[in-house]
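What follows is a set of notes on a single structure, which appears directly below.
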Amino acid sequence: MVDYFKRGYADPQRVKVYSQLLKRLYVFATNTVLYNQIQLNSYLQGVYQRPRQLRNDWSVQSIKKLLESYVTDSALLELEPQHVAAEKSKELNRQHLNLMHDIFDYILTSNLWNDSLYDAFLDLLLSPTIDVNDQLLLVSAIMMSSLNVFDINKFKVLTSLYQQTTDVRLRQRALVGWVFSLDIQKEVVYPEMKQIVYDLCHDEDCLQELTELQMQLFFCIDIDSDQRTIQNEIIPNLMNGGHLKISQNGLVETDEDTLEDILHPEESERNMEKMEKSMHRMSEMQKQGSDIYFGGFSQMKRFPFFQNSLSNWFAPFNPNHPDISAIWNEAKNSKFLHMIINMGGFCDSDRYSFVLAFEQVRSHLPASMMKMIDEGHAAPMPIGGQIDKEERKKPAFIRRMYLQSLYRFYRLHYMRREFPNPFEDQSKYLFFANGLFSGTPFECRLPEVTSFLLKRHRKEEASDVLFNNAGECDTYDYHILSAYLGSDPEIHYRRALELIPNNERALSGLAKLMFRQSEYKQALDIYQQLMEINPEKKSYQLNKSVCLINLHRYDEAELILFRLNYENAGDQNVIRVLAWALTCNGKYEQAGRLYHQLMAEDSLVDGDLINYGIYLWLTGKIGEAADCFRTYNSKNSNDIWNSVSNLISKEERLLNRNGICEEEITMMFDIIGV
């Protein structure tokens, strides 16, 4: 091909052939890398070999036939006598479980797919003749395989399934799968990936779900912070507020009519109030998206159920699962167990954990509690509150539960390090910064996610989101956020004001910027505009007066400040600005009274030491002034921008005007040792 190119031959198929060769090379190289990964890792080698040793025919047609047979055989069992059907069902479910383990491991360790496998697997996942729980599990296997090495056909299966399925659970798993599969580095080999993403982003529902997904991912990766809040602030109040204690025999009821309750009934009431507030706080955290159960269930992932099978971590909750069906169906347990599982906001992984753990702890639960529940006099209430049926059907809830199951695998599985973790890879969990979304309607969602990240104190990620894909974005929200995060804030504030004239937020931001740049005249003009919009806002009046002071218009500043001081008696900010204005205006007696009042307060700030020191200096109290400056310097010795020498130098004009020459300023620096 290169030879013909060198000879100058025109080849209309050159680009197409080159692309085909590049893709063939990628497939060959990637399959080689995958093979070596498996051969060099004993755990992955076991996952790879087990299903292939058990079965020779792994064609999609064969898989589909086996899955359809399970649905048919399950339906036929309804025609059998109940006792016969029960036994046959156990065996059928056990065989099917083993089959699903095998299929999961086979797909997980499969090579890159060709176009025919894309068609066959998409047909399989959309087929109405296959149990949707099986389809859900296969989607997770495809996602994990795609995370290991990028496969365009697995990616296309997930995106096509997302667009075509009518099952909300399948749609949400497919969404998470294709988002985690995105790899911008592979765009050079598969430029069609960009077009697929472009088409997806023209669906408003897709944009909404992508926005929700991005936020939900941060609730997952911020789980440690949430757990500290729960353990340190919420759980202690829950334990103190109830009449239960933990003993070596499990939960034990305590005597409600203790002497302490009789002597101090108000303390018991306070504890109950704290418990109710903690329950409400936990419920609110859950509604906002926090994973409130991770800490409690993390120790329950050591059951053989999780350790012996990869697929069980991703399995949709199914009471007929052979490993829990006996516990679930046991009559004396079912009412309590069913209530908890169906009421709480547990992900599938935790629901399995709860059932398995319940078998071990049920004998330690208070007998009276079990009796009341079984007789229908009381219902168990999971921490975090009940999730109603309508909420459970919403895509956002379904997706959140799936993400929590995924997070548990990548955080807790004993061989988790053998698999690429999307929750630790910023290119995966911060997909809003992925360049594949650039130039799509996706841009309109960037400000919303950027604001969300800023609220969670993730400024660096917020910048990546806003600027990596902004393109030609020209909205008010974009420019306001760019002014905060970008390098040219004035440009963005002024553009925001062009889009929404006299907008208070933009004006306020621009005024603060002008003030920081010492453009006091411009800042004053803007604060005047702000006072016309919101004349009663104290901060605007106070900032206007500071601008006037810096412009040496002290009398005008005093008019504002005296009124503010009268209307807001005791306000420390007003007092410190007024004291400085009086100092600058040479009214030392009045300023002194205010400084003495200010110095007596606990709310003293470092800047007060500089201003008070200058006041003392101007009134001839050199030693006391030096003490103030020295105290300030000891607290801020590492801050070169706000060092005492810099701050004093800024007031050199004021000092000179009051007869303090440059030599005396130098001597003051000598006294305070700077």
Side-chain angles (χ1 to χ4, degrees), residues 502-621 624-625 627-629 631-632 635 642 647-648 650-651 653-655 657-660:
N502 297 319
N503 178 268
E504 188 173 355
R505 182 182 178 188
L507 284 170
S508 178
L510 183 59
K512 292 175 184 176
L513 177 65
M514 293 296 98
F515 188 92
R516 288 197 299 271
Q517 295 177 350
S518 301
E519 298 288 347
Y520 301 118
K521 180 64 173 67
Q522 291 189 53
L524 178 64
D525 292 340
I526 299 170
Y527 278 120
Q528 187 58 48
Q529 286 181 258
L530 286 166
M531 288 178 62
E532 292 172 4
I533 296 171
N534 194 343
E536 300 302 318
K537 192 161 184 176
K538 182 174 64 176
S539 63
Y540 295 160
Q541 299 177 61
L542 198 58
N543 289 335
K544 178 183 177 181
S545 66
V546 174
C547 290
L548 289 168
I549 293 171
N550 282 288
L551 291 169
H552 315 298
R553 294 159 62 175
Y554 307 122
D555 292 335
E556 294 175 63
E558 288 175 21
L559 287 175
I560 299 172
L561 292 165
F562 275 121
R563 179 174 52 80
L564 284 175
N565 192 40
Y566 175 76
E567 295 173 350
N568 303 273
D571 188 303
Q572 300 298 300
N573 286 325
V574 175
I575 291 172
R576 61 174 46 97
V577 176
L578 178 56
W580 181 242
L582 292 167
T583 299
C584 293
N585 208 14
K587 299 177 180 179
Y588 301 130
E589 184 178 350
Q590 291 173 279
R593 287 196 294 268
L594 292 174
Y595 275 123
H596 292 150
Q597 180 182 344
L598 197 62
M599 293 299 119
E601 298 291 339
D602 294 332
S603 57
L604 192 69
V605 298
D606 289 345
D608 294 334
L609 292 169
I610 294 292
N611 292 347
Y612 184 45
I614 290 176
Y615 157 79
L616 291 169
W617 195 354
L618 294 175
T619 55
K621 300 172 183 176
E624 293 178 52
D627 289 340
C628 276
F629 295 145
T631 301
Y632 176 90
K635 294 181 179 180
N642 289 310
L647 293 174
I648 291 175
K650 287 180 181 179
E651 303 303 334
R653 180 176 174 180
L654 172 65
L655 295 170
R657 195 172 71 240
N658 285 273
I660 297 173

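One-based numbering along the sequence shown.
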Does the side chain of [X] reach to within under 4.5 Å of the side chain of [Y], using non-hydrogen atoms?
X	Y	result
M531	N534	no
Q590	F562	yes
Y554	L561	no
F629	I610	yes
I660	L618	yes
R653	H552	yes

Nearest-0.5 Å distance that lies between atom [atom1] in [X] and atom [atom2] in [Y]:
X	Y	atom1	atom2	value
I560	I549	CD1	CD1	9.5 Å
I526	K521	CD1	NZ	10.5 Å
I614	K650	CD1	NZ	11.0 Å
L530	D525	CG	CG	11.0 Å
W617	I648	CH2	CD1	5.5 Å
M599	L594	CE	CG	10.5 Å

Quick one: do Y595 and L616 satisfy side chain to side chain contact (heavy atoms under 4.5 Å, CB included)? Show the steps, please.
CA-CA 10 Å; Y595 275 123; L616 291 169; over 6 Å; no

Under the side-chain hydrogen bond (donor to acceptor under 3.5 Å, both in side chains) test, residues paired with H596 that sit two or more places apart:
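side-chain hydrogen bond (donor to acceptor under 3.5 Å, both in side chains) check on H596 returns nothing, list empty.
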
For Y615 and Y612, take the angle between the two ring planes, folded into 0 to 90°, and tell me which bin it lands in: parallel under 30, tilted 30 to 60, perpendicular over 60.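 Parallel: the ring planes of Y615 and Y612 meet at under 30°.
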
Tell me whether [X] contacts the main-chain N or O of [Y] through its side chain, where contact means a donor paired with an acceptor under 3.5 Å.
X	Y	answer
N658	L654	yes
N568	L564	yes
N611	D608	no

Only counting residues at least two apart or in another chain, list the ones meeting salt bridge (charged side-chain N to carboxylate O under 4.0 Å, His left out) with [X].
X	result
E556	R553
E558	K587
E532	none
K512	none

Looking only at non-hydrogen atoms, find the nearest pair between [X] and [Y] and report the distance.
X	Y	result
N573	L542	CB-CD2, 3.8 Å
C584	R657	O-NH2, 3.3 Å
A511	A523	O-CB, 3.8 Å
G613	C628	CA-CB, 3.9 Å

Steps toward side chain to side chain contact (heavy atoms under 4.5 Å, CB included) verdict (N550, L524)
CA-CA 10 Å; N550 282 288; L524 178 64; over 6 Å; no

By the side-chain hydrogen bond (donor to acceptor under 3.5 Å, both in side chains) test, which pairs, at least two apart or in different chains, include something from residues 537-549?
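As it turns out, the side-chain hydrogen bond (donor to acceptor under 3.5 Å, both in side chains) pairs with a partner in residues 537-549, which skip direct neighbours, are E504-Y540, Y527-N543, Q528-K544, K538-D571, Q541-R563.
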
